[in-house]
Amino acid sequence: MSSEPRASQAGELTWEIANLYPRQGAWSESDYLSLDAGRLVEFDGGFLEILRMPTELHQAITLFLWLQLQAFIKTNSHAQGVCLVAPLPVRLWEGKFREPDVMYMSAENREQRTAKYWKGADLVMEIVSENDPDRDWVEKRHDYAKAGISEYWIVDPRDRSITVFGLAESVSIYHELSRSIDGQQAPSRLLNGFVVDVSTVFDRPELTQ
């Protein structure tokens, strides 16, 4: 005996849509990469992690850092490469994708870039989310180091600081290269000569318009 589908009522969640997708834990990399969710989504061992929508300040800081890095790599031959912002999946290892706020891949490693995702990166930056700071300070710090990403910047609006981490020799563990606060400059070790003024990063005049 067959039954007709029950018509959904206004205000109900559209559960039928959920049934079109794999269950948590059963997602494959190809499922994840073909997903068009209109949101930042990360992938971890068959599970999807839906990220919170960024704030206005978060976006302003992200784009400012991208502009600074973009200008630097265009005018310095030793830093040639590609700098992008999320959303773009970065494959850390099999079954693990992150979407850094800002990412840089050197021209030397261009073969690690594909049309849909990058296989790692040389430098990544994350702007700390106030409601989940451990995600950037603990989880992503561990993941990016394990993936062999040479340099990781944590940009924290809560105390207006920028902390730069680099890989320790021969081990996939980060050590702190510098911590810069208001009135100081945050320098890169990977990109010699690239520095940003900390106060300028957080004082975004476009938000006062």
Of Asp122, Leu191, Leu177, the residue whose pairing with Glu151 passes side-chain contact (heavy atoms from CB on, under 4.5 Å): Leu177

Matching residue for Tyr152 among Val164, Asp136, Thr163 - test: side-chain contact (heavy atoms from CB on, under 4.5 Å): Asp136

What is the distance from atom [atom1] of [X] to atom [atom2] of [Y], rounded to the nearest 0.5 Å?
X: Leu92; Y: Lys146; atom1: CG; atom2: NZ; value: 9.5 Å
X: Ser178; Y: Arg189; atom1: OG; atom2: CZ; value: 10.0 Å
X: Ser129; Y: Met53; atom1: OG; atom2: CE; value: 13.0 Å
X: Lys116; Y: Arg91; atom1: NZ; atom2: CZ; value: 14.0 Å

More than 12 heavy atoms of other groups within 6.0 Å of Glu108 CD: no

Test your reading of the model: is there a side-chain donor-acceptor pair from [X] to the backbone of [Y], 3.5 Å cut-off?
X: Gln80; Y: Ile73; result: yes
X: Asp197; Y: Thr200; result: yes
X: Asn76; Y: Phe72; result: yes

Under-4.0 Å salt bridge between Lys140 and Asp101: no

Asp44 with Arg98: basic N within carboxylate O range, under 4.0 Å: no

Test of ring centre spacing under 6.0 Å for Phe194 and His78: no

Pair Trp137 + Tyr174: ring centers closer than 6.0 Å: no

Distance-minimising heavy-atom pair for Ser188 and Leu123: OG-CD1, 4.1 Å

Closest heavy-atom pair and its distance - Leu167, His175: O-CE1, 3.5 Å

Going by atom types only, do [X] and [Y] share a side-chain donor-acceptor pair under 3.5 Å?
X: Glu126; Y: Tyr144; answer: yes
X: Trp66; Y: Gln68; answer: no
X: Ser161; Y: Asp156; answer: no
X: Gln185; Y: Ser180; answer: no

Counterpart residues, salt bridge (charged side-chain N to carboxylate O under 4.0 Å, His left out), relative to Arg135 (two or more places apart): Glu42, Glu49

Pairwise side-chain contact, Asp203 with Arg160, heavy-atom cut-off 4.5 Å (strictly under): yes

Side chain to side chain, Val128 and Val155, heavy atoms closer than 4.5 Å: no

Stepwise salt bridge (Lys or Arg N to Asp or Glu O under 4.0 Å) test for Asp159 and Arg179: CA-CA 11 Å; Asp159 61 0; Arg179 181 180 183 276; 2.7 Å; yes

Residue list, side chain to side chain contact (heavy atoms under 4.5 Å, CB included) with Glu56, at least two apart or on another chain: Leu207

